S.K.: 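Let me begin by handing over the structure; questions about it come next.
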Amino acid sequence: MRVSVLLFAIYRELAGTGNLDVSLPERSDVRALLAALRGRGRLSALPAEVSVAVNRQYAEPGTILADGDEVALIPPVSGG
Amino acid sequence: MRVSVLLFAIYRELAGTGNLDVSLPERSDVRALLAALRGRGRLSALPAEVSVAVNRQYAEPGTILADGDEVALIPPVSGG
Amino acid sequence: MAWSDVGFGEIAPAVVLERVGAGGHGAVNLFLGVVRDSNEGRPVSGMEYEAYEAMAREQLAAIVAEAERALRGGGRVAAVHRLGDLKVGETSVAVAVSTPHRAAAFEAARRVMEEIKVRLPVWKRERYLDGSPEWLGGQAPPVGAGGDRTREDRHARVGPAGPEA
Amino acid sequence: MAWSDVGFGEIAPAVVLERVGAGGHGAVNLFLGVVRDSNEGRPVSGMEYEAYEAMAREQLAAIVAEAERALRGGGRVAAVHRLGDLKVGETSVAVAVSTPHRAAAFEAARRVMEEIKVRLPVWKRERYLDGSPEWLGGQAPPVGAGGDRTREDRHARVGPAGPEA
């Protein structure tokens, strides 16, 4: 299956792009996606802990992904 | 000596006027002024406790008055 | 610089906000008191505000000056109270505070409103749709010099058989 | 009705105030976040706000809806967050609350700001007069469905050697 990964702010600059398409085994969870991303060159520098939203909802490490999901890596937020 | 007494809101309606001139012995205090006011007809109905300002500052029962002072009887305030 | 006014003109929130500026301060809090359309279930057509005007101006100036001095991290405070006949939905009081960080702005605006409710010699009378106007119950102000809260434990008001001072 | 927006247009306080109406409510609190002219002593020329826009709109709508539901005595809540390049003195965020009594208005506006700071997927970058722009440190958002604060004690973020869920 494929998921669409969105990157913002410092993570976008780290990746050099605002979005990536990632192929994963069926029923992979968020943790597996992050492990796959860390296997790529520039994203190996992702911090030890990363907040994630799946389809615009904050998600948990064990959240199971589905084909076509929109997964966003959320740096510490600083609105206001 | 004479002091000028200002009355507001319910006290003004009670007195039927917004200000009174009152003659008092020299060095009378706020308490003595209120006793004198209660001796007048309509102001005998003043409540047991009355807040007072002397020359636009909240005053105490023992505050000594001077000739020409402006003394205001302050009903419970309800601004805002 | 702290700013305050007590008068009969309409209150424009934007004007009060301008008084606390913005440039150096990241947080602005504005509180507005608005005439409600009912009180304890009775429909209200408007509100009439009366004041001991000269003293109200001095007290409000003191309240905002004290609040501004209390802003340790810097900031500005402004407040205005309206008098006369107000319609439902019109603003009777506005308080604005600007500070570097938001907690202080909330806290100072709340504090200024609390002081206004206790110290400002202003009285309001509601005009009801179904009866004659009535003065509203209020708070008995403190004794002594404005803002000297340490004296509140003394005799706050003078009774006919008041104790010796 | 709760109202919110996330967008690039200038924020007009009067417009946000209008969104919470006035008629039935005696108290209105407005909070504004304003771009400061310095940060920790460094002069700032402006601020750039980036967002995960679709999610930020949903989160802000959820924050104001939750805050409005929490107003036991009734009332309305509105909030708007601006994106893009802002100059010093421009408003980045505005929150307005109207309630029958003032304590609830202060409390709800403060709470909405706290939620925005923790949950809204927005990032700001300061432009300094004496150097290159820098992303500001922020807060790690919660895990799980928006507003579900009971889940904060679970694994909030995923580490490379994260525990089993």
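Chain identifiers are assigned alphabetically (A, B, ...) following the order of the sequence lines, protein sequences preceding nucleic acid strands; residue numbering begins at 1 within each chain. What you see is a predicted model, and the numbers here were worked out from it, not measured in a lab.
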S.K.: Heavy-atom pairs under 4.5 Å with chain B are the metric here; pick the option from C:K117, C:M113, C:E50 that has the most.
M.R.: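 Counting heavy-atom pairs under 4.5 Å, the top option is C:E50.
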S.K.: With a 4.5 angstrom heavy-atom cut-off, is it the side chain or the backbone of B:A35 that approaches chain C, or both, or neither?
M.R.: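 Answer is neither: B:A35 stays 4.5 Å or more from chain C.
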S.K.: Is it the case that atom CE in B:M1 sees more than 12 heavy atoms from other parts of the structure closer than 6.0 Å?
M.R.: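 Check passes, neighbour count above 12.
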S.K.: Using heavy-atom distances under 4.5 Å, tell me whether B:I10 contacts chain C through its side chain, its backbone, both, or neither.
M.R.: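 B:I10 touches chain C through backbone and side-chain heavy atoms alike.
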S.K.: Is there any residue in residues 73-80 of chain B with a non-hydrogen atom under 4.5 Å from a non-hydrogen atom of chain C, and which ones are they?
M.R.: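 Heavy-atom contacts from residues 73-80 of chain B to chain C are B:I74, B:P75, B:P76, B:V77, B:S78, B:G79, B:G80.
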S.K.: Give the member of C:A56, C:A94, C:G137, C:P121 that has the highest number of heavy-atom pairs under 4.5 Å with chain B.
M.R.: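 Result: the option with the highest number of such pairs is C:P121.
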S.K.: Answer yes or no: is there a side-chain heavy-atom contact under 4.5 Å between B:E70 and C:Y52?
M.R.: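 Yes, close enough: below the 4.5 Å cut-off.
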S.K.: Within a strict 4.5 Å, meaning less than it, do heavy atoms of the C:W123 and B:R12 side chains meet?
M.R.: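 Not touching, per the 4.5 Å side-chain cut-off.
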S.K.: Taking side chain as C-beta onward, heavy atoms only, is C:Q59 less than 4.5 Å from B:R56?
M.R.: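 A side-chain contact under 4.5 Å is absent here.
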S.K.: For the interface with chain B, which of C:L136, C:L120, C:I116 has the highest count of heavy-atom pairs at distances below 4.5 Å?
M.R.: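 Among C:L136, C:L120, C:I116, the one with the most close pairs to chain B is C:L120.
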S.K.: Mind checking the CZ-CD spacing from B:F8 to C:E53? Nearest 0.5 Å is all I need.
M.R.: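 Here the rounded value is 8.5 Å.
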S.K.: Do the side chains of B:E13 and C:R125 get close enough for a salt bridge, i.e. N-O under 4.0 angstrom?
M.R.: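 Yes, B:E13 and C:R125 are salt-bridged.
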S.K.: Between C:V93 and chain B, which part of the residue has a heavy atom less than 4.5 Å away: side chain, backbone, both or neither?
M.R.: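 Just its side chain gets close to chain B.
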